[in-house]
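The figures here come from the full heavy-atom set of this structure, side chains too, leaving out hydrogens, waters and symmetry mates.
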Amino acid sequence: MKKSVTSKNPTTKYYHQKYPKQHQAYPGLESKMTPRPDCGEETYVGAERLMGRRALITGGDSGIGRAVAIAMAREGADVALSYLPAEESDARDTAEYITMAGQRAFLFPGDIGIEKNARRIVDDAAAALGGLDILVLNAGYQQYSDNIATLDTAQLRRTFDINLFAMFWMTQAALPHMRAGATIITTTSIQAYQPSESLIDYAASKAAIMAFTRALAKQLAPRGIRVNGVAPGPIWTALQVAGGRAQKTIPDFGMDTPLGRAGQPAELAATYVLLASNASSYTTAEIYGVTGGNHTM
């Protein structure tokens, strides 16, 4: 007899209260957040959809990247994580979940906002994994700035180096390791569609990622390599408490969505798995919104 699965109210399924104000120096550690984001550690159940696949995930130490890493490992993939050296403790914790799923985990610290690091990490990961089937371009940099007159060039360059240029560098490095059937998944944002005035540089970079994703998908389609993106809404990650938003806005974070709360990283993992799996073999050049009801069109 099959077990029944009880439907859960999405407005209350995850944390839906006010968040306590908190601040960490960039890049922040998930392990020090209150409450700690839910990355599916106790809930994601795999179904062997990525057996034998080899994945590299940028920003894989925490947040969305961590949730995707755990999910892909439980689906049967070996996983390499790219992250900043300051995030080592979070990365090692994520790696434990990968190995507990019976899969190989590889750690590659380095700042992908520097071209030589971005390319090196891809080559090193492909060598360790024995190839590359899935590239998840997820790492992001977000610092709020509510006045363009005081937005300095250093932040502007940092935002685009990490959020956009690293995608070019890492894709260029990855393609020699990828064969037909491989997939590339980018992370854009609701900010590409509904930009906030305090995230002008971040929103601009995310809009560029959307165009990058669709153009790259058309270029790689003849090679049998699919490219898609995910556009998260307000998701509770270290990005938010490490300068990504003003402290005064943290308590009500995500409460202005139709579902009335911020999302958790665990709620995006299944979308990345779908786009990496053979179940989405006729899907490329698409952006999947996971936004709590804030539309992306």
Side-chain angles (χ1 to χ4, degrees), residues 14-41 57-70 81-94 109 111-113 138-147 150-152 154-155 158-159 161-163 187-191 194-203 205-206 230-257 259-269 290-292 294:
Y14 289 92
Y15 187 90
H16 53 281
Q17 302 170 33
K18 287 182 178 290
Y19 288 97
K21 290 182 180 180
Q22 54 199 284
H23 175 73
Q24 295 185 42
Y26 176 82
L29 290 173
E30 181 174 293
S31 57
K32 294 183 178 180
M33 292 176 66
T34 304
R36 183 165 179 169
D38 188 331
C39 294
E41 296 92 341
I57 302 170
T58 68
D61 60 293
S62 64
I64 295 170
R66 173 183 170 94
V68 174
I70 291 171
L81 305 177
S82 162
Y83 55 94
L84 289 170
E87 300 167 315
E88 184 71 28
S89 59
D90 277 355
R92 290 191 176 277
D93 187 59
T94 301
D111 184 352
I112 63 171
N138 165 74
Y141 180 75
Q142 174 186 320
Q143 295 288 294
Y144 82 92
S145 176
D146 54 11
N147 186 346
T150 58
L151 176 61
D152 62 52
Q155 177 176 320
R158 181 70 172 158
T159 299
D161 280 346
I162 294 178
N163 294 1
T187 302
T188 176
S189 171
I190 185 65
Q191 289 293 321
Q194 299 185 36
S196 301
E197 63 271 20
S198 62
L199 296 175
I200 188 169
D201 55 329
Y202 177 82
S205 73
K206 291 297 180 175
V230 179
I235 307 298
W236 183 239
T237 70
L239 206 65
Q240 309 305 330
V241 302
R245 62 180 46 254
Q247 277 284 300
K248 65 181 180 181
T249 69
I250 287 179
D252 294 324
F253 178 57
M255 290 188 172
D256 59 348
T257 64
L259 288 181
R261 64 170 176 84
Q264 293 294 321
E267 296 180 276
L268 289 103
V290 186
T291 65
N294 285 331

Check: [Y] main-chain N/O paired with [X] side-chain donor or acceptor under 3.5 Å:
X	Y	value
Gln191	Ser196	yes
Asn138	Thr58	yes
Ser189	Ala231	no

So, using salt bridge (Lys or Arg N to Asp or Glu O under 4.0 Å) as the criterion, who are the partners of [X] when residues are at least two apart?
X	result
Lys18	Asp252
Glu41	Arg66
Arg245	none
Asp256	none

Would a line drawn from the ring center of Tyr26 to the ring center of Tyr141 be shorter than 6.0 Å?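 Yes; Tyr141 has its ring centre under 6.0 Å from that of Tyr26.
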Qualifying residue for side-chain contact (heavy atoms from CB on, under 4.5 Å) with Val68, from Leu268, Ile57, Thr187: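 Answer to the side-chain contact (heavy atoms from CB on, under 4.5 Å) test with Val68 among Leu268, Ile57, Thr187: Ile57.
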Tyr83: what forms a side chain to side chain donor-acceptor pair (under 3.5 Å) with it, not counting sequence neighbours?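 With sequence neighbours excluded, Tyr83 shows a side chain to side chain donor-acceptor pair (under 3.5 Å) to Glu88, given in chain and number order.
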Using the side chain to side chain donor-acceptor pair (under 3.5 Å) criterion, which residues pair with Tyr19? Sequence neighbours excluded.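 Listed in chain order: Gln264.
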salt_bridge(Glu87, Lys32) N-O dist < 4.0 Å: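 Looking at Lys32 together with Glu87, the answer is no, because their closest N to O distance does not fall below 4.0 Å.
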Before accepting this row, confirm whether a basic side-chain N of the pair Lys248/Asp146 lies closer than 4.0 Å to the acidic partner's carboxylate O.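 Salt bridge: no.
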Return yes if a side-chain donor-acceptor contact under 3.5 Å exists between Asn294 and Gln194, otherwise no.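 There is no such pair (donor and acceptor under 3.5 Å, judged by atom type) between the side chains of Asn294 and Gln194.
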